[in-house]
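First the structure, in the form of C-alpha cells, and then the observations on it.
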Amino acid sequence: MATTRPAIYPASFEIIVPARNEADRLPEGLAALCQKAATLPLRTAILVVDSASTDATSHIVRNWPAGPVPVGLLRCRQPGKGIAVRAGLLATGAPFVGYCDADMATDLGAIDSALRLLAAGCGAVIGSRALAASEVEDRRSPARKVGATMFRILARGIVPGVTDTQCGFKFFSGPLARAAALPLRTAGFAFDIELIANCLRLGATLAEIPVCWRDVSGSTFSVRRHSAAAFRDMASIWLRSRIGGGGHVPAGRPPPPTRQELPSADMGRFAAGATTT
C-alpha cells in the first residue's frame with residue numbers, strides 16, 4: 001500500500017473515505033466533506049483510501065487543491081470495502097476518527113452530533129436510518145430492500161440492539177477504532193458488523209444517532225454480485241463470535257483519548273465544539 005499524507009499532520013480528527021472506482025462521484029462528495037470539515041472545532045484531515053480502483057480515483061485525490069482541510073491518499077492493491085476501511089483506520093493517529101461513504105449519502109451535519117458524543121466519552125457513534133427521528137429517502141430496488149431487511153435481522157444476532165449496522169457513517173475514539181480494526185477479517189461489505197462487534201467486545205459505549213440519508217445512484221454494491229458473499233461473511237462473523245475467536249480482540253476497553261492528547265491549538269476549539277447545540 002502506498003500512502004500520501006496530508007500536508008498538515010497530525011490532526012485531532014481524521015475522516016476516512018473508502019473509494020472504489022468513484023471518479024464520477026468523489027469530486028462532489030469530497031468537496032462537501034472538506035467544506036464541512038473546515039467548520040469543525042477540531043483540526044481535521046481527510047484520508048481517501050483507494051480500494052484497487054481502475055479509474056481516475058487516485059488521480060483526483062493526488063491533484064486535490066490545497067485548502068484548510070488537508071486531503072491524503074492511501075492506495076490498497078486488494079479490493080474490498082472492509083480492507084479499505086481497516087487500512088484507513090490503522091493509518092490514523094488522531095484521538096478521534098471515523099469514516100463515511102464517498103457518495104456522502106448521509107447528511108454531514110450529523111458529524112457535529114457524533115463529535116459531541118465522542119467528546120462526552122462515548123467510544124463509538126454510528127448513524128442509523130432505522131431510528132424514528134431519521135429522514136430517509138429510499139429509492140432502492142425491491143430486491144435490495146428485501147435483502148437489507150434480511151441482513152438487519154441476521155445482524156441483530158451478532159450485535160443485539162444495533163438497529164442499523166450498514167449506514168456508512170461511523171465515528172470512534174481513535175484508540176478504540178485502531179484496536180477494533182486490527183483483528184478485522186471481513187474484506188467485503190459485511191465488515192461493519194465485525195467492527196461493531198469488536199468495539200463492543202472491547203467494552204466500548206456505543207450510541208446510535210438519527211441521520212438524514214438519501215439514496216444516491218451509482219452504488220458499487222450489487223445484489224447479484226455481492227449478496228451471497230455478504231451473507232457468507234455474516235455467517236463467518238457469527239461463528240467466530242460463538243466459538244470465542246472474534247478476531248482475538250483483547251478484553252477490556254482501550255484508554256479513551258484525553259484532552260492532553262489534543263494539540264494545544266485545538267484544545268479551546270474542542271471545548272467550544274463539545275458544548276455547541
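- Between W64 and L30, the closest side-chain pair of non-hydrogen atoms falls below 4.5 Å.
- A179 approaches L202 most closely through the heavy-atom pair CB-CD1, 3.9 Å.
- Contact between S53 and A19 at its shortest, heavy atoms only, is OG-O, 3.5 Å.
- Smallest separation of non-hydrogen atoms from A102 and P18: CB-O, 3.9 Å.
- Residues S58 and D50 bring a donor and an acceptor atom of their side chains to less than 3.5 Å of each other.
- With respect to F13, the side chain to side chain contact (heavy atoms under 4.5 Å, CB included) criterion is satisfied by exactly one of I46, T44, V97: T44.
- Put simply, the side chain of R86 never gets that close to the backbone of L195: no donor and acceptor are under 3.5 Å apart.
- With rounding to the nearest 0.5 angstrom, the CG atom of L42 is 11.5 Å from the CD1 atom of I111.
- For A32, the side chain to side chain contact (heavy atoms under 4.5 Å, CB included) partners two or more places apart in sequence, or in a different chain, are L108.
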Listed pairs under 3.5 Å, donor-acceptor, residues 157-169 side chains, sequence neighbours left out:
| unit_1 | atom_1 | unit_2 | atom_2 | d |
| --- | --- | --- | --- | --- |
| T163 | OG1 | S128 | OG | 2.5 |
| T163 | OG1 | E208 | OE1 | 3.0 |
| T163 | OG1 | E208 | OE2 | 3.0 |
| D164 | OD1 | R129 | NH2 | 3.1 |
| D164 | OD1 | Q166 | N | 3.1 |
| D164 | OD1 | C167 | N | 3.3 |
| D164 | OD2 | R129 | N | 2.9 |
| D164 | OD2 | R129 | NE | 2.8 |
| D164 | OD2 | R129 | NH2 | 3.4 |
| Q166 | NE2 | F189 | O | 2.9 |

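- Residues V61 and G72 share a closest heavy-atom pair of CG1-O, 3.6 Å.
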Salt bridge (Lys or Arg N to Asp or Glu O under 4.0 Å), that's the test. Do D101 and K170 meet it? Break it down for me.
CA-CA 10 Å; D101 290 338; K170 297 179 175 68; over 6 Å; no

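- Side-chain N or O atoms of D103 include none that pairs as donor or acceptor with a backbone N or O of V216 at under 3.5 Å.
- T57 and E22 share no donor-acceptor pair across their side chains, judged by distance under 3.5 Å alone.
- Among all heavy-atom pairs drawn from A84 and C76, the shortest one is CA-SG, 4.2 Å.
- Side-chain atoms of S51 come within 3.5 Å of backbone atoms of G80 as a donor-acceptor pair (strictly under, hydrogens ignored).
- Side-chain contact between C100 and T106: absent, with no pair of heavy atoms (C-beta onward) separated by less than 4.5 Å.
- Between the side chain of D215 and the main chain of E137, no donor-acceptor pair closer than 3.5 Å is present.
- Looking at E14, its side chain never comes within 3.5 Å of a backbone N or O of A45 through a donor-acceptor pair.
- Residues L182 and I16 do not share a hydrophobic cluster, clusters being chains of Ile/Leu/Val/Met/Phe/Trp/Tyr side chains in contact below 4.5 Å.
- Note: L33 CG to E28 CD = 12.5 Å, rounded to the nearest 0.5 Å.
- None of L118, L206, T205 except one satisfies the side chain to side chain contact (heavy atoms under 4.5 Å, CB included) rule with V125; the exception is L118.
- With rounding to the nearest 0.5 angstrom, the CD1 atom of I237 is 5.0 Å from the CD atom of E194.
- Atom-to-atom distance recorded for I126:CD1 and L117:CG is 12.0 Å, nearest 0.5 angstrom.
- The nearest pair of heavy atoms linking V49 to G88 is CG2-CA, 3.8 Å.
- For the pair I60 and P27, the minimum side-chain heavy-atom distance is below 4.5 Å.
- With a 4.5 Å cut-off on side-chain heavy atoms, L47 and I15 do not count as touching.
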Evaluate side-chain contact (heavy atoms from CB on, under 4.5 Å) for S134 paired with W213, printing each intermediate quantity in order.
CA-CA 8 Å; S134 293; W213 185 89; over 6 Å; no

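- A salt bridge links K36 with D112; the closest basic N to acidic carboxylate O contact falls under 4.0 Å.
- Rounded to the nearest 0.5 angstrom, F96 CZ and S12 OG are separated by 8.5 Å.
- Two rings, from F171 and Y99, have their centers 6.0 Å or more apart.
- N21 CG to L26 CG: the interatomic distance, rounded to the nearest 0.5 Å, is 11.5 Å.
- Under 3.5 Å, the side chains of T92 and R178 contain a donor-acceptor pair of N or O atoms.
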